[in-house]
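This one's a predicted model, so the numbers in the text were calculated from it and none came from an experiment. Residue numbers start from 1 in every chain, and the chains themselves are labelled A, B, ... in the order their sequence lines are given, proteins ahead of strands.
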Amino acid sequence: MFNQRTKIKALLQTTPIDAKVTVMGWVRTFRNNQFIALNDGSTNLNLQIVVPLGMLGEDILKRITTGASLKIAGTIAKSVGKGQTIELLAENVEILGDCDAEKYPLQPKKHSLEFLREIAHLRFRTNTFGTVFRIRHALAFAIHQFFNERGFIYLHTPIITASDAEGAGEMFRVTTLPFDGTPRNEDGSVNFKEDFFGKSTNLTVSGQLEGELGAMAFSEIYTFGPTFRAENSNTTRHLAEFWMIEPEMAFCDLEDNMNLAEEFIQYIIQYVMKNNADDLAFLDQRLAEEEKQKPANERSEMGLIEKLNFVVNNRFERITYTEAIQILLDSPAYKKKKFKYEVSWGIDMQSEHERYLVEKHFKKPVIVTNYPADIKAFYMRLNDGCEPGKQTVAAMDILAPGIGEIVGGSQREERLEKLLQRMENMHIPVEEMNWYLDTRRFGTVPHAGFGLGFERMVQFVTGMTNIRDVIPFARTPKNCNF
RNA sequence: UCCCGAAUAGCUCAGCUGGUUAGAGCAUCUGACUGUUAAUCAGAGGGUCACUGGUUCAAGUCCAGUUUCGGGAGCCA
């Protein structure tokens, strides 16, 4: 019985005047006892339903409230009023689900994002979040399409891992051991032999190491899955559970890696611009109104769509870490002592430094390459021929305006001896990593890859400033609702 | 985790140097009206001023602690 319904997006696209259709959706507003703004989530636009005066009894009219779900049959007509091209002249209105107006928290008015975060189970029904999550979907789809078109294999790397050498922060423990009467060894430490996997296990912080194993057979793979970090981070760009895309390519160097990352980002933005124009238009306007509230000197120079167009049509700036440090040292900000943190070759650049490069100096996405080896992970390839004391690795970070680091990647160290040396220096347990090292023992090849934070990408494309507003149900320290 | 700020009606907020009965807009309810666009007009109901303790004749207001939220920083994607 429900198959007969027509989606509102399709109606607004095809405008089939005089067609008899049935629509189903939720009431956004009911004006004048006569006009229902109906939304079914297929688009951010509503379909106006016209209920002829006197057609419905008082008892039914009272039940058409904001949030109620309806099934309406009628005829599509050119709209008499302004504000929409077509409307549905109702012939039959059925209430599928009532919505108590006194208890329903969503009103036909502007709500704060903070309030909507507290009712995340209902916020999909708002214009803003409907739009954000349609774009999130479009980005996810575009990502799969991009890699599929290029012959990458989608590899499902494990979520539970026994490796603690991934080196990307605190991990969530996975265990079935009881809290009371935990089995102990003679020295008092926990006896993980009794645990489900017979060893200590955690949720993954990265699929990269397993991804590399796939690339050593398929040439190109990518992962796209959830990732977990038990960091006590309370910021607008961190989550305890987030999604990450990690391509890994054999026969690939840092240059190829950068080219792919840039093409990739431009491709998925273009996909959304083409397929979610209504959604982007809504967000563009939303952001423009928000900007108006700000003092003139804090307003961003570009609108959302303007910014996306710019990113799609311009090459990213590419500089080495050494050049980046020099730009910072030569900057007016440095000379006026505006930076809180020191700048010198060897530092791990702080947010203020990255923001200066991206937002003030270049005003576009910037790829920084060849970082000092001391501040980067063990698996990154050591560059040959460095100055003494200035050893660098073939790493690259893409920094985006307003977001910061959106991509982190590198060419991997494929030379067994150098990798072993590096692991020893960094106290990585070599014995436990033999499965990883085997790729270097048996037919090793130059390879590279990167990780893209999916939520940060959604933030960039939607202009949402808080990462908790671009994931359906955010997991952050002290918050695991819904 | 650190720094700063906030918490008053369902929502968004006002409430001054402490002083009668804590206000507004929107939402809700009742009624009117009907081609509306977050409809409009009239009226009504709605509050443990986050929590705990303290100062004071008197605390929404001052102080301390706790909780939660927001912004920034660190860690990072």
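- We find the CZ-CD distance between A:Arg229 and A:Glu170 to be 11.0 Å, quoted to the nearest 0.5 Å.
- Comparing the same atom, C1', in B:rA22 and in B:rU30 gives a spacing of 26 Å after rounding to whole Å.
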Pairwise N/O distances under 3.5 Å, protein to nucleotides 65-71 of chain B:
from: B:rG70; atom 1: OP1; to: A:Arg117; atom 2: NH1; distance (Å): 2.6
from: B:rG70; atom 1: OP2; to: A:Arg468; atom 2: NH1; distance (Å): 3.4
from: B:rG71; atom 1: OP1; to: A:Asn466; atom 2: ND2; distance (Å): 3.4
from: B:rG71; atom 1: OP2; to: A:Asn466; atom 2: ND2; distance (Å): 3.4

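- Taking the P atom of each, B:rU55 and B:rU61 are spaced 15 Å apart, rounded to whole Å.
- Relative to the side chain of A:His238, the nucleotides B:rG74, B:rG35, B:rU36 differ in distance, and B:rG74 lies closest.
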Per-nucleotide pairing state of RNA chain B [Watson-Crick or G-U, under 3.5 Å; [ ] pseudoknot-crossing; | other strand]
(((((((..((((.....[...)))).(((((.......))))).....(((((..]....))))))))))))....
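- Annotation: cation-pi pair A:Arg150/A:Phe146 present, NZ/CZ under 6.0 Å from the ring centroid and within 45° of its normal.
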Each nucleotide in nucleotides 41-48 of chain B should get exactly one letter: B, S or -. Can you fill that in based on protein heavy atoms under 4.0 Å?
--------
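- Atom CG of residue A:Asn127 and atom NZ of residue A:Lys110 lie 10.0 Å apart, to the nearest 0.5 angstrom.
- A donor N or O paired with an acceptor N or O is not found under 3.5 Å between the base of B:rG74 and the side-chain atoms of A:Glu231.
- A:Asp348 comes within 4.0 angstrom of the backbone, heavy atoms only, and of no base.
- If you find the closest nucleotide of RNA chain B to A:Lys109 and to A:Leu53, the one lying nearer the 5' end belongs to A:Lys109.
- Side-chain atoms of A:Ser233 and base atoms of B:rC76 include no donor and acceptor less than 3.5 Å apart.
- Judged by distance alone, with hydrogens and angles left aside, A:Gln48 brings a side-chain donor or acceptor within reach of the base of B:rU36, the pair sitting under 3.5 Å.
- Between A:Ser79 and A:Phe30, the one whose closest nucleotide on RNA chain B sits nearer the 5' end is A:Ser79.
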